[in-house]
Amino acid sequence: MIVVTGATGNVGRPLVEALAAAGERVTAVSRCVTAADVPEDVTHRQADLAIPADLWPVLDGADALFLHDTGPGAHLLSPQDIIDAAKAGGIGRIVLLSSIGVATRPRSPSHGSVGLSFDNAVRQSGMDWTILRPGGFASNAYAWAESARTRRTVAAPFADVGLPVIDPADIAEVAAAALREDGHAGQVYEPTGPTLSTPRQQAEAIGNALGELVRFVELTREEARAQLLRITPEPVAETALDILGDPKPAEQRISPDVEKVLGRPPRAFADWALRNIAAFR
């Protein structure tokens, strides 16, 4: 059995679907998961990773675990408690969804210290481990959905700075391979999209998928910062803006890892936009 945490998220949801389609026994775990959120024949369990007692019955008897570090809420978790519960449940294989920022922004409170604590706990677990370190997700564009629907406008900072954003479905497929197949133990994969993609280009791709013009409005850093502070702590917002506006070479590198694992190139942002265009209509 494979346990998937963060099962209703942008990566967890397609991962659960991919594993179920491959005939695996899957337990989908989230703080708010319900039967309607998962495919038929997938077990759904509610659990809070911050409460170790929630995890023991969920992980008992499982073979493999997909661990999502939960992003901004990761500082509330104890990686070692999660690992201990996994080992006690008999899990021998673990795939961690981490972030490229663990390597590129080690002094960042969220990307560095917190993310690194998960990396270290997984590496020292004694289990067969694989770590995934993607950068920006194509699904971050959902933040533009309301303005694209109502005003056919997308607003973002750093209009012409490109990053190799990745379709979360590609991350999910790489994770599924690492959970199901041998040969991935001890690997750190950095899945990316196939090209650098700028906010202006992403807005154009959304417009093309809609068949209508979507106007792009460039925000200043301060305007974007004010928006981010409504939903994220200041250190997280500042790090995100640093990456978006002044990415390091490693954050702009096009990685071969998706093709190496899946035997095909990663999907472009335009493919993601077309597949998810209903959110922008």
Side-chain angles (χ1 to χ4, degrees), residues 1-20 22 24-99 102 109-111 113-134 168 171-172 174-180 184-189 236:
M1 182 176 67
I2 300 174
V3 175
V4 176
T5 65
T8 58
N10 289 315
V11 175
R13 189 183 298 272
L15 173 57
V16 168
E17 293 171 353
L19 292 172
E24 298 288 347
R25 292 175 55 225
V26 183
T27 296
V29 178
S30 173
R31 281 176 294 181
C32 56
V33 71
T34 67
D37 294 321
V38 299
E40 188 177 356
D41 298 327
V42 169
T43 301
H44 56 95
R45 300 288 294 272
Q46 286 182 285
D48 188 337
L49 297 186
I51 305 174
D54 279 9
L55 297 177
W56 290 76
V58 172
L59 299 175
D60 187 41
D63 304 301
L65 170 65
F66 175 76
L67 177 59
H68 188 337
D69 70 10
T70 75
H75 66 286
L76 302 174
L77 308 182
S78 168
Q80 193 56 55
D81 285 346
I82 297 171
I83 295 299
D84 289 345
K87 293 174 71 173
I91 287 175
R93 179 174 295 181
I94 184 168
V95 175
L96 172 67
L97 179 57
S98 183
S99 166
V102 171
S110 57
H111 292 80
S113 59
V114 175
L116 190 59
S117 70
F118 275 88
D119 276 35
N120 289 339
V122 166
R123 288 173 183 270
Q124 297 165 15
S125 67
M127 294 184 273
D128 288 343
W129 57 265
T130 307
I131 296 174
L132 310 183
R133 289 182 178 168
I171 303 173
V174 172
L179 288 162
R180 300 183 65 236
H184 302 285
Q187 297 297 310
V188 178
Y189 295 129
V236 177

- Supply the atom-to-atom distance Ile171 CD1 to Leu132 CG, rounded to the nearest 0.5 angstrom. 7.5 Å

- Tell me, yes or no, whether the heavy-atom count around Arg123 atom CZ, taken from other residues, nucleotides or ligands under 6.0 Å, exceeds 12. yes

- Item | Charged N-O contact under 4.0 Å between Asp41 and Arg25 | no

- Heavy-atom closest pair (Val26 atom, Ala20 atom, distance to 0.1 Å) is CG2-N, 4.1 Å

- For the student: nearest non-hydrogen atoms of Pro168 and Pro14, plus distance: O-CG, 4.4 Å

- Message: Using side-chain heavy atoms (C-beta onward) and a distance below 4.5 Å, is Leu67 in contact with Leu97?
- Response: no

- Task: Please round to the nearest 0.5 Å and tell me the distance separating atom CG of Asp60 and atom CG of Leu55.
- Result: 12.0 Å

- Query: Name the one of Val188, Leu65, Val122 that satisfies side chain to side chain contact (heavy atoms under 4.5 Å, CB included) with Leu96?
  - Reply: Val122

- Query: Do Glu17 and Pro39 touch side chain to side chain, with heavy atoms closer than 4.5 Å?
  - Reply: yes

- Query: Thr5 side chain to His68 main-chain N or O, any donor-acceptor pair under 3.5 Å?
  - Reply: yes

- Where is the tightest heavy-atom contact between Ser125 and Lys87, given as atom of each residue plus distance? O-NZ, 3.0 Å

- Task: Find the distance between CD1 (Ile94) and CH2 (Trp129) and round it off to the nearest 0.5 Å.
- Result: 11.0 Å

- Task: Specify the closest pair of heavy atoms between Ala178 and Val95, including all atoms of both residues, with the distance to one decimal.
- Result: CB-CG2, 3.7 Å

- Item | Pairwise distance OG(Ser30) to CZ(Arg13) - rounded to 0.5 angstrom | 9.0 Å

- Message: Quick check on side chain to side chain contact (heavy atoms under 4.5 Å, CB included): which of Leu19, Val29, Thr27 does Val4 satisfy it with?
- Response: Leu19

- Any donor-acceptor pair under 3.5 Å from Asp54 side chain to Asp48 backbone: yes

- Side chain to side chain, Arg45 and Pro57, heavy atoms closer than 4.5 Å: yes

- Non-hydrogen atoms of Val58 and Met1 that approach each other most closely: O-CE, 4.3 Å

- Query: Which heavy-atom pair separates Ala28 from Val42 by the least distance, and what is that distance?
  - Reply: CB-CG1, 3.9 Å

- Which residues satisfy the side chain to side chain donor-acceptor pair (under 3.5 Å) test with Arg180, sequence neighbours excluded? Glu24

- Task: Please tell me if the side chains of Val102 and Arg133 come closer than 4.5 Å, counting only heavy atoms from C-beta onward.
- Result: yes

- Query: Got a sec, which residues hit side chain to side chain donor-acceptor pair (under 3.5 Å) with Gln124, two or more places apart in sequence or on another chain?
  - Reply: none

- Message: What's the separation between atom CE in Met127 and atom CD1 in Ile91, rounded to the nearest 0.5 Å?
- Response: 6.5 Å

- Message: Counting C-beta onward and ignoring hydrogens, is there a side-chain heavy-atom pair between Phe66 and Leu179 closer than 4.5 Å?
- Response: yes

- Roughly how far, to the nearest 0.5 Å, is the OG atom of Ser98 from the CD1 atom of Ile131? 6.5 Å

